[in-house]
S.K.: 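Input: one structure, supplied below.
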Amino acid sequence: MKVIKFGGSSLASGTQVQKAINIIVADPARRIVVVSAPGKRRKGDIKVTDLLLQLAAAVQAGSDTSAIRDEILARYRDIADYFSMGGSDIIAKLRAHLEALEARQYPSTEHLYAAFMAQGENMNARLIARVMSHLGYRARFVDPKDLGMVVDGAPRSANLLEGSYATIAHYRLEEGEIIIVPGFFAYDKDGNYATFARGGSDITGSILARGFDVDLYENFTDVSAIYAVNPEIVDHPRAINTLTYREMRELSYAGFSVFNDEAIIPVITAGIRVNVKNTNDPDAPGTMIAPTKDVRHHHLITGVAASNGFTALYLHRYLLNKEVGLTLKILQVLYKYKVSYEHMPSGIDDLTIIFDKSQLNATQMSALTDDIREAINPDKMEWFDDFAIIMVVGEGLYARENLIAQVLDQLAKIGIAPTMINQGASQISTMIGVDSKRADEAVRVIYQLSSCEKLPQAALS
Ligand code: ASP
């Protein structure tokens, strides 16, 4: 049995939904289907989830919701019309469902937002199950609640409770039927809607893959493979045929957006392979994400990416290394303001704390600055805002002793001096901090290195 998940662009219109259905029914093992909300039909289009965000804001503000609700329903009506289902009651049902949600009371604003954002997937799964039945297939909508998916944590960044996996494992599919499950959300123990982080339908697919212990998790999107570098930075980059779970995790962290970075964890636990494939080119082999033992590497560097989403706080004080409890004092300040940090490389007299920009606002930054100054009294303290991190990722990285030298050499050739190098915590990645204005150039020269180097077979075994 396989779990097959379709992303938003794969289900954005009637034509796309038809392609997805053709793919589902082409293989009888494809029994568990996870769907996203309709995504962008073209450049500049709006995802249904983002329209729902607007609807939630209007409900919260108590303003008129009819125009935005109509715009959302029009996206589903277009799909229903494509399958000549205009005469059915499905759109009227979806309308009544949204109106009922608008009339409800929620424990908090976050719960209200989660409830609306979940509807992109919820309504799409209901519609697609109806479309498939209408076309004569044995397909059935299944709610995450019926599968026993229970979550806790923040309503818009929920975590699955571990016990849910056992409940999912007990769920029985009927002979020959296909179940259509909405991605991205589940319910907390009180029955409130809660969503995973954005892009979280990948997480649902991964959870079901582990829960049902399937043979393969197929993740259909709109690219034919995961590429070694962003195709917007390098023309026709090399496609990655196979990569390991941990390489995928490091690369998604660095900004490879094809597969959600949290989604890999349930499949790692269960050792299930993930095949990323293209709905518009289903015969292309795509990229296989697999356990380390199953991956034979042929390139020294598997992927290279730059992420601009960081800001760094640099601290200098003589004898920093000698002070007992210094890091503790810094961490206490971060804890006080509920801020997490990404990395903290340090030296004898210097320390840099690197933050995810999206986690910090201006008020927190100035409060952190004041409190840290007070706590450790540095000689110098400075924020670097234009800071990009280049991530060089590859299981082969530690098999070649002079790799870092080669990477730095490439950067030196174009006059880029790294502001930070972090290597060691993970054997398979190296992080290099550079001026964000030169990040793309840095990625390009490092990628050149990846495409010309081949690992000797001896280093692989
Ligand atoms: N529809 C959700 C989002 O836009 C989840 C997903 O597409 O995976 O984030």
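FYI, the numbering just counts along the sequence from 1. In each ligand, atom 1 is the first atom listed, and ligand 1 is the first ligand listed.
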S.K.: Is Asp27 salt-bridged to Lys2, going by a charged N under 4.0 Å from an acidic O?
M.R.: yes

S.K.: Quickly, which of Lys40, Arg198, Arg75 forms a salt bridge (charged side-chain N to carboxylate O under 4.0 Å, His left out) with Asp50? Name it, please.
M.R.: Arg198

S.K.: Is it true that the NZ or CZ of Arg238 lies under 6.0 Å from the centre of Tyr227's six-membered ring and within 45 degrees of the ring axis?
M.R.: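 No.
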
S.K.: Could you say whether the N/O atoms of Thr49 and ligand 1 ever approach to under 3.5 Å?
M.R.: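 It does: an N or O of Thr49 is found under 3.5 Å from an N or O of ligand 1.
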
S.K.: Below 4.0 Å from any atom of ligand 1, is there a heavy atom belonging to Gly199?
M.R.: yes

S.K.: Hey, looking at atom 6 (C) of ligand 1, which of Gly183, Gly205, Gly7, Ser201 has the closest heavy atom?
M.R.: Ser201

S.K.: Within the 4.0 Å heavy-atom shell around Ser36, which atoms of ligand 1 are there?
M.R.: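 Matching atoms, with element in brackets: 6 (C), 7 (O), 8 (O).
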
S.K.: Any salt bridge linking Glu218 with Arg30? Criterion: basic side-chain nitrogen under 4.0 Å from a carboxylate oxygen.
M.R.: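 Salt bridge: yes.
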
S.K.: Examine Phe196 together with Phe185 and report whether their ring centres are nearer than 6.0 Å.
M.R.: no

S.K.: Which one of Lys5, Met117, Arg198 has a non-hydrogen atom at the shortest distance from atom 9 (O) of ligand 1?
M.R.: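 Going through Lys5, Met117, Arg198 one by one, Arg198 has the nearest heavy atom to atom 9 (O) of ligand 1.
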
S.K.: Go through ligand 1 atom by atom and flag the ones less than 4.0 Å from a non-hydrogen atom of Glu121.
M.R.: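 Listed by number with element: 1 (N), 2 (C), 5 (C), 6 (C), 7 (O).
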
